[in-house]
Amino acid sequence: MFKDLLIYNTVSKKKELFKPIVEGKVGLYVCGPTVYGHAHLGHSRPAITFDLVNRYLTHIGYQVRYVRNITDVGHLVNDADEGEDKIGKLAKLNALEPMEVAQMYTNSYRRNMAQLNVLPPSIEPTATGHIIEQIEVVKKILDAGYAYESEGSVYFDVQKYATDYEYGKLSGRKIEDLQANTRSLDGQDEKNSSLDFAIWKKAAPEHIMRWPSPWSDGFPGWHTECIAMSTKYLGEKFDIHGGGMDLMFPHHEAEVAQSCAALGHESVNYWMHNNMITINGQKMGKSLGNFITLDQFFDGEHEYLDQPYSPMTIRFFMLQAHYRSTLDFSNEALQAAEKGLDRLLKAVDTIGKIKTAKESTVSINEMIEKAYAAMDDDFNSPIAISQLFDGVRIINSLADEKESINGSDLAKLNKFYQEFVFDILGLQNVEANGGADDSKLNEVMDLLLTLRVEAKANKDWATADKIRNELTKFGFEIKDLKDGFEWKIND
RNA sequence: GGUACCUUGGCCGAGUGGCUAGGCAGUGGUCUGCAAAACCAUGUACGGCGGUUCGACUCCGCCAGGUACCUCCA
């Protein structure tokens, strides 16, 4: 019943045939945002990538439990304010409760995701809501002998772990290479080795976010939250774990190590990593100062932006590149995506206007098969989209009655576009008529443009042109159609 | 410095050992009172130098350039 689906597994560096642990069901875990700032373009890449994965798996019949966490505690910072929690730090600057800050950015993130038509996950657990589970993970690792306590903090003993398991198998790193690099981190002298990472951290006096534990009042290490939550909601073994490539090391490597240490085996069958978005060839990141928030994209308020870009343009732009490739942002590229998307969505509308004939002179099966085959080949959305564009040509020829199609083929074509464009790719039709939901405005426009049509019928070009020119001055864009008109408001 | 990856036509971006990716822009055309829009048609590109091969953009080596990770970031 299920199709053969290939997924590129970071561990094996190969495409592997997907086999779920439980027939017909998929457990999917994706690292969500750290809520200490507004979501920027970079955040939308994993969100859209795994939204596509979620949508496609669902489409082909799987029941997906999609868990995406909210990191609202736990990132140690290594800048001037050493060892402080990012969220705690910002909260003090703003004189707000840490949870208030976390909630504000969580709300903001969810709003942006909804705008991008990213479906909400099945479960969206927060790190602060799972302190007990994380403490349990730390205890298990201590009991297993792969961690040690030092000055109220608990560190994962990488050296010890490496004698029993392979540390670095996910990221392809070798212990010796890692040791060659020295680092200066907070609490370095408390650690036996620079490779060790904190799984429980004692809170400094000024640290607001803290919880009691057997070792100290403190907070869990960043890497511990995902393993605690994925185990709780998806089990000790689950199908797919996703995230950005930048999380591969150390975060995901540490997750693998912790699950082996705590559970005695690995948890994840398929590791999937999306590539980065670049801006002027460089990664977009908070610390680089070159990031553009999603809200800025949507309203065009940023020095890099020539114009606003709709959420669907952003979404389509991302889907036109494969998730494992870097994608370079530029106004030119986004404008191209905007126009291409427009053309695609118009064609989908056009399908409804096609008249059926007795015989089909076009063949659509190959296109449909190729589009699905592309998705089955490690979610190759750009190839699938190229097939959709091939179909646009067919659709337009049919609408122009240069080709013909029979009823069952037309139904098939329609189903294919509805499902592929809306359900799988998650694209949405932007509002017609400039998004004006002001019915009075619609009536007035209808009146004026109907007058114009009448003037044209009477060959009264002066009046017809006057109406169009005046409306253009007010920022309306008027288009003549064969049997009527169309208008929109230009921003 | 270590590790990995990348380099495709004006721009973005797929892909393959020999067969048109696709989008945008450009060009030509159709339609239109005009205009806009729309539609149709059109582009033999794969960083450099060697090698393997009947044949390489696709495999191997070297060189150049770039990026990411190694420390918080998707």
Side-chain angles (χ1 to χ4, degrees), chain A residues 13 30-34 36-37 39-50 71 75-79 85-86 168 171-174 176-186 194-195 222 242-251 253 273-278 281-288 291 316-317 320-322 324-344 346-347 350 370 374 377 380-390 392-393 396-397 399-400 402 456 459-461 464-465 468-469 472 477-482 486 488:
Chain A
K13 293 190 177 171
V30 176
C31 292
T34 301
Y36 68 102
H40 57 77
L41 188 66
H43 290 102
S44 61
R45 189 91 193 261
I48 290 171
T49 296
F50 293 103
T71 298
H75 283 63
L76 302 176
V77 293
N78 184 29
D79 51 21
D85 190 295
K86 272 186 175 165
S171 58
R173 264 157 238 271
K174 294 184 178 62
E176 312 86 71
D177 294 338
L178 290 166
Q179 276 169 329
N181 298 303
T182 51
R183 298 173 291 178
S184 66
L185 250 183
D186 175 43
S194 59
L195 297 182
W222 171 38
M245 270 183 187
D246 53 339
L247 295 179
M248 220 156 78
F249 191 90
H251 185 56
E253 197 67 65
H273 289 95
N274 64 273
N275 216 133
M276 306 289 109
I277 299 272
T278 58
Q282 259 207 325
K283 180 178 144 174
M284 186 171 286
K286 188 145 191 154
S287 55
L288 294 170
F291 71 101
F316 187 64
F317 173 62
Q320 273 193 301
H322 186 81
R324 283 190 287 112
S325 302
T326 55
L327 176 58
D328 197 47
F329 152 82
S330 70
N331 280 287
E332 215 179 349
L334 276 175
Q335 282 157 13
E338 184 174 51
K339 287 183 182 164
L341 173 63
D342 200 43
R343 183 156 167 254
L344 177 62
K346 273 204 177 104
T350 303
K370 280 186 177 171
D377 184 15
N380 199 325
S381 55
I383 293 284
I385 289 171
S386 78
Q387 292 303 318
L388 291 172
F389 275 110
D390 281 348
V392 167
R393 222 171 288 126
N396 290 328
S397 304
D400 285 353
K402 285 175 184 154
K456 279 169 63 184
K459 297 198 191 299
D460 180 2
W461 313 128
D465 287 351
R468 184 175 64 196
N469 294 341
T472 303
E477 191 177 309
I478 310 304
K479 288 181 201 170
D480 290 351
L481 304 178
K482 269 183 203 147
E486 200 176 271
K488 64 174 190 174

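The figures here come from the full heavy-atom set of this structure, side chains too, leaving out hydrogens, waters and symmetry mates. These figures come from a predicted structure and were not determined experimentally. Just so it is clear: chains get the letters A, B, ... in the order the sequence lines come, proteins before strands, and each one is counted from 1.
- Taking atom P in both B:rU58 and B:rC6, the straight-line distance is 13 Å, to the nearest Å.
- When all heavy atoms of A:Phe329 and A:Phe317 are compared, the pair lying nearest together is CA-CZ, 4.1 Å.
- Using a distance-only test at 3.5 Å, with no hydrogens or angles considered, a donor-acceptor pair links the side chain of A:Glu253 to the main chain of A:Ser171.
- Residue-to-nucleotide proximity on RNA chain B shows that, of A:Lys370 and A:Met245, the 5′-proximal contact is made by A:Lys370.
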Inset, instruction - May I have the step-by-step check of side-chain contact (heavy atoms from CB on, under 4.5 Å) for A:Phe291 and A:Leu41, ending in yes or no? - result: CA-CA 7 Å; A:Phe291 71 101; A:Leu41 188 66; over 6 Å; no
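- The separation of B:rC57 from B:rC19, taken at their P atoms, amounts to 10 Å, rounded to a whole angstrom.
- Relative to the side chain of A:Asp480, the nucleotides B:rA36, B:rA4, B:rG23 differ in distance, and B:rA36 lies closest.
- As a whole-Å value, the separation of A:Ile478 CD1 from B:rA37 C1' is 12 Å.
- Nearest heavy atom pair, residue A:Arg45 against residue A:Ser325, reads NH2-O, 2.8 Å.
- Side chain of A:His43, nearest nucleotide from B:rA37, B:rC11, B:rC73: B:rC73.
- B:rC40 and B:rC31 have their P atoms separated by 15 Å, given to the nearest Å.
- Separating the NZ atom of A:Lys174 from the P atom of B:rC70 is a distance of 18 Å, rounded to the nearest angstrom.
- Pairing of B:rG22, defined by two Watson-Crick or G-U wobble distances under 3.5 Å, is identified with B:rC12.
- Counting any heavy atom pair closer than 4.0 Å across all strands shown, A:Asp465 reaches a base atom.
- The interatomic distance linking A:Glu332 (CD) with B:rG23 (P) rounds to 17 Å, in whole Å.
- The shortest distance between the side-chain N/O atoms of A:Asn396 and the OP1/OP2 oxygens of B:rC40 is below 4.0 Å.
- A salt bridge between A:Asp465 and A:Arg468 is present, with a side-chain N of the basic residue lying under 4.0 Å from a carboxylate O of the acidic one.
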Legend entry - Intermediate values then yes/no, side-chain contact (heavy atoms from CB on, under 4.5 Å), A:Asp246 and A:Lys283: CA-CA 10 Å; A:Asp246 53 339; A:Lys283 180 178 144 174; 3.9 Å; yes
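- Look at A:Trp461 and you won't find any side-chain N or O under 4.0 angstrom from OP1 or OP2 of B:rA35.
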Restricting both atoms to N or O, compile the protein contacts to nucleotides 14-17 of chain B shorter than 3.5 Å, with distance only.
from: B:rA14; atom 1: OP1; to: A:His322; atom 2: N; distance (Å): 2.8
from: B:rA14; atom 1: OP1; to: A:Ser325; atom 2: OG; distance (Å): 2.8
from: B:rG15; atom 1: OP1; to: A:Asn380; atom 2: ND2; distance (Å): 3.2

Inset, instruction - Check the pair A:Leu327, A:Asn275 against side-chain contact (heavy atoms from CB on, under 4.5 Å), reporting the backbone distance first and the verdict last. - result: CA-CA 8 Å; A:Leu327 176 58; A:Asn275 216 133; over 6 Å; no
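- The NZ atom of A:Lys402 sits 7 Å away from the P atom of B:rC40 (whole-angstrom rounding).
- Set against B:rG2, B:rA37, B:rG13, the side chain of A:Arg173 has B:rG2 as its closest nucleotide.
- When Watson-Crick and G-U wobble pairs are counted only if both distances are under 3.5 Å, B:rG2 pairs with B:rC69.
- Rounded to the nearest Å, the gap between the C1' atom of B:rG9 and that of B:rG13 is 12 Å.
- Atom P of nucleotide B:rC24 and atom CG of A:Leu344 are separated by 10 Å, given to the nearest angstrom.
- Considering only side-chain atoms of A:Asp400, the nucleotide from B:rC39, B:rG22, B:rA37 that sits closest is B:rC39.
- When the P atom is used for both B:rC11 and B:rU20, the distance is 24 Å, rounded to whole Å.
- Both distances falling under 3.5 Å, in either a Watson-Crick or a G-U wobble arrangement, occur for no nucleotide opposite B:rC57.
- For the OP1/OP2 pair of B:rC39 and a distance below 4.0 Å, the side-chain nitrogens and oxygens of A:Arg343 include at least one atom meeting the criterion.
- A salt bridge links A:Lys456 with A:Asp480; the closest basic N to acidic carboxylate O contact falls under 4.0 Å.
- Between the P atoms of B:rU42 and B:rG22, the separation comes to 10 Å (whole Å).
- Between B:rC12 and B:rG29, the distance separating the two P atoms is 30 Å to the nearest Å.
- The distance between atom CE of A:Met248 and atom C1' of B:rA68, rounded to the nearest whole Å, is 9 Å.
- In this structure, B:rU32 forms no base pair with any nucleotide, since neither Watson-Crick nor G-U wobble geometry is met with both distances under 3.5 Å.
- Using atom C1' as the reference point in both B:rG47 and B:rG66, the two lie 11 Å apart (nearest Å).
- Residues A:Pro33 and A:His43 share a closest heavy-atom pair of CB-CD2, 4.4 Å.
- At the heavy-atom level, A:Arg468 lies under 4.0 Å from base atoms of the strands shown.
- When both pairing distances are held under 3.5 Å, B:rA64 makes a Watson-Crick or G-U pair with B:rU7.
- For A:Ala374 against A:Ile383, the heavy-atom pair with the smallest separation is CB-CG2, 3.4 Å.
- For A:Ser386, the listed nucleotide lying nearest its side chain is B:rA21; candidates were B:rA21, B:rC73, B:rC69.
- Following rounding to the nearest Å, A:Asp342 (CG) and B:rG22 (P) show an atom-to-atom distance of 20 Å.
- OP1 or OP2 of B:rA25 sits under 4.0 Å from a side-chain N or O of A:Lys339.
- For the pair A:Arg393 and A:Gly244, both in contact range of RNA chain B, the more 5′-proximal nearest nucleotide belongs to A:Arg393.
- Contacts of A:Leu341 with the nucleic acid, taken as non-hydrogen atoms under 4.0 Å apart, are absent.
- Of the nucleotides present, none pairs with B:rA37 by Watson-Crick or G-U wobble criteria with both distances under 3.5 Å.
- For A:Phe249 and B:rC73, the CZ to P distance is 13 Å, given to the nearest whole Å.
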